[in-house]
Amino acid sequence: MLGNKCEKCQAEFFPPVNICRACKSIDLKPLEMPGAGKILSYTLQKESVAGFEEQEPMVFGLVELSNGVRLVAQIVDFPYESLKIGSKVKAVFRRVKADGPSGQIYYGYKFGPPRSPRETSATEE
Amino acid sequence: MTAALSVFISRIGYTKVGDHWDKSLSEIAFQASKVLLKEEASPPDAIIIANALSELSSSQGNLAAIVADALDLKGVPAYRVEAAGGSGGSAINLGVNLIKGGQMESVLVMGVEKMRDLDPAKVMQAQGLSENADYSQFFGISIAAMNALLARMYMHEYDVTREKLSAFPVVAHKNSSTAEHAQFRKKFTNEEVSRSEAVADPLRVLDCAPVGDGAACALLVSEDKLSSEQRKSAVEVLATESSSNLVNFFERPKMLHFGATEVAAQKALKKAHLSMEEIDFLELHDSYSELTAISLESMGLSKQGEACNDAAAGRFDLNGQFPISTFGGMKGRGYPVGAAGVYQICEAFMQLTERSGFNQVPNARFGLVQSMSGIDSSAYVHVLGFAGRTGRN
Amino acid sequence: MRTSTPIAIEGYGAYIPFYRLPTTEVARIWHGGGAGANKEKAVASSDEDTTTMAVEAARIAVAMAGVEKNLGAIFVGTESKVYAVKPTSTIVAQALGCHEILAADFEFACKAGTEAMQVISGLVGSGMIDHGLACAIDTAQGRPGDDLEFTAASGGAAYVIGRSSRNSITKILGSVTYVSDTGDFWRRQGERYPRHLSRFTGEPAYFHHVETAVKNLFTEFKTKPSDFQYAVFHQPNPRFPVEAATRLGFTMKQIETGLLNPVIGNTYSGSSPLGLAAVLDIAKPQDKILLCSFGSGAGSDAFILEAQEPLIEKRKMGVPVRDLIENNVRIDYGMYTKFREKLQR
């Protein structure tokens, strides 16, 4: 998850921006986003968008990262019934979609539950 | 500054919203405009097509020329506007400004959309086009799920129950049940809405506007084109304003506030020299229940978190203080995405000219129309008034 | 085999997917118990594959090693490559932000992972590269109803290997390898599931290669079972590694820490490397560890490892194998067929 950071006012962005939303500076440097976050909102999407039928139903969440940046991502490995506003999550690397059985495979970030007490404490930093 | 030229809506046309399997995009557009064009002595100075999804739904681009040709408007400058669900609102805004700029005296705005013969997964994909391709669409999130994320936050923040949110579809369907051009002429109870099938939890199928085929058009003319007699039956565009916002709602500092809607509404009311209290009815972009609530709150019609309570109390009913979605809105009349904003204009026209039958808002003098692209990524607000603000036909 | 310059493990990362299929679920549908006795197996979700699991394990290993982008090679050892033609290793390299790097996929049935460790060892030992990453990962395939379906599991581990220093977490003191042409298990080009000759998988394949490799290791490095605190063997089922260990003179106490098959199944290339990760999670400095893989077709790599002082602190950066095992959700056979693309839509 490569975002960026304003060199002038230190504001952090994901998705990366061309112009700092806070101070209008164009002096921004790439910055890897922290992998830990918490759930601000979530949903179980019953009908799939074309190309995602295999994963139906999909869970999506609005995640606030530990640096305060918010993003929308698929939530995996999280039993839907136990998902709550405030649940701790961490970024994972997953297959997003494929161009059919013979086309290219696309990978990207999703979010899942911490797998170890060690990771849970990391998400609380 | 001298007073700018006034722009009027002299005529409208539209088809029923729903299934038009037997017609192409151009044919639906023709059905909506054939009477209007036949009765006009001369063709408009320009035509603007509002459409969001023709490339995906009909494998058709170059829509301006395609539709102009189908309407036998050879020689007329033709343009196409795409702004997702706000395409219609955007086209009206541009058409009015073309006339105000003095370049044109009459502009036909034609909203047309056709999606009903698409596979549902393709419809989801098409509707999702309004969101950021790399950071939303890429991951397979539907526009319904994006709205669901917003709805859950809204409900959580203001302690709004699922049942309370159902107030808006109930109002919309009450109005659409008597609207002849509506896709769903059926009333629903609060319980039916709350218990309908989950589309993207917590949103239910009855929270989500149904995609429909349809075309609607409005002929915009400058005041100089109208005789004093014609003016009596025309509706004046008192103001049309637009504003844009951060596309990803989750990047906004205040996620439960629609800044584009607020700014466009404030500017439009100011230009029209009206306060919200003087507005007799509103046509809202109510494609998902929480959009209606947040739009109302952002325009100051309800306190934050109170819109659902106000709706339940009848404030937004046809006979309430601020009737909304008087023919059912996107929710009840149906949601032909790019054409929706033009349907709203047609409906406001009917209210102001007292042609609304069962759906008539008594003594409607001023109407406010709000439409948006995506989730308030752009908002278009028009304030319309009956010509002269006095006597009626 | 010894490198001219001493080498060591600098970081390791394990990955076991979240879902478990109890073997009783496979038996419910197909009856029988196969090689049986494993309780459940780890199943990758529908959006997981060798690439994603390699990236998860690699990120931990690289962070623990503290080498970031200074890797000279990334090799992925697997028999479940995501593309028939297109390297998995370049996708892992991209995810780690590495570009000036040797990248290749290795295939040697279940020993592709230790094969990658051998080659990284050689590159580091010769001075060609400073640090290299070996990923041992599989989403093992088992034909529905086949004995393999009871055990074929997903998961694996990644190891960063560099020159031995006072920051190293575990020294690699030496290794041997032993191969022969044995037709115990194979998958032809274009086929979805492997085939095996049951009669050949035991004595002439697993036991012959494992025992020969370990005995050769004992001879070459003048060592014996009692010199080791831990021993990890390839685990196609719960029985084979125990049997081989016993025949070679190891006790249950030495092998139980690294014996994961009963609770996660056979992760093929990931099997013995994951067992090693479980051992590194608890080993004390100077503990000696034997690692022996087995790959059909056939061959075994055997290593002598020695835990070092920095392991105690550095392993806190990883996710313990025990936690990955215990953090799970059980699924039924229906969900399993959905996850592993055994359903036709």
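First the proteins, then the strands, lettered A, B, ... as listed; each starts at 1.
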Exceeds 12 heavy-atom contacts within 6.0 angstrom, atom [atom1] of [X]:
X	atom1	result
Arg192(C)	CZ	yes
Ile19(A)	CD1	no
Met335(C)	CE	no
Lys38(A)	NZ	no
Glu68(C)	CD	no
Glu100(C)	CD	no
Lys86(C)	NZ	yes
Ile26(A)	CD1	no

key: Part of residues 45-64 of chain A lying next to chain C, heavy-atom separation under 4.5 Å   =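 Glu53(A), Glu54(A), Gln55(A), Glu56(A), Pro57(A) fall under the 4.5 Å cut-off.
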message = Which residues in residues 78-87 of chain A have any heavy atom closer than 4.5 Å to a heavy atom of chain C?
response =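 Residues in range: Pro79(A).
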request  = Please list, in residue-number order, every residue in residues 49-64 of chain C that has a heavy atom less than 4.5 Å from any heavy atom of chain A; write 'none' if there are none.
outcome  =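 Hits under 4.5 Å: Asp49(C), Thr51(C), Thr52(C), Val55(C), Glu56(C), Arg59(C).
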inquiry  = Counting only non-hydrogen atoms closer than 4.5 Å, can you tell me which residues of residues 75-82 of chain C sit against chain A?
reply    =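 Listed by number, the contacting residues are Val82(C).
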message = Please determine whether a side-chain nitrogen of the Lys or Arg among Arg94(A) and Asp47(C) lies less than 4.0 Å from a carboxylate oxygen of the Asp or Glu.
response =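 Result for this pair is yes, salt bridge flagged.
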ask   = What residue in Asp323(C), Val319(C), Val329(C), Leu324(C) has the most heavy-atom pairs under 4.5 Å with chain A?
value =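 That would be Asp323(C).
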key: Best-contacting candidate, Ala84(C), Ala95(C), Gly97(C), Pro17(C), against chain A by heavy atom pairs under 4.5 angstrom   =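 Maximum pair count with chain A is reached by Pro17(C).
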ask   = Any side-chain heavy atom of Asn327(C) sitting closer than 4.5 Å to one from Ser116(A)?
value =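 They are not in side-chain contact.
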inquiry  = Does any part of the side chain of Tyr19(C), heavy atoms only, come nearer than 4.5 Å to the side chain of Asp77(A), both counted from C-beta?
reply    =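 A side-chain contact under 4.5 Å exists here.
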inquiry  = Which atoms of Lys110(A) are under 4.5 Å from chain C, going by heavy atoms: the side chain, the backbone, both sets, or neither?
reply    =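 Contact with chain C involves the side chain of Lys110(A) alone.
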Contacting region of Phe93(A) [heavy-atom separation from chain C under 4.5 Å] =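 Backbone plus side chain of Phe93(A), per the 4.5 Å heavy-atom cut-off to chain C.
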task = Mark yes or no for whether Arg115(A), through its side chain, and Pro320(C), through its backbone, hold a donor-acceptor pair below 3.5 Å.
result =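 Looks like no, no N/O pair under 3.5 Å.
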message = Please classify the contact between Tyr83(C) and chain A as side chain, backbone, both or neither, with a heavy-atom cut-off of under 4.5 Å.
response =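 Only the side chain of Tyr83(C) comes within 4.5 Å of chain A.
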query = Which heavy atom of Arg118(A) sits nearest a heavy atom of Met317(C), and at what distance?
reply =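 Looking at all heavy atoms of both residues, the closest pair is NH1-N, 4.4 Å.
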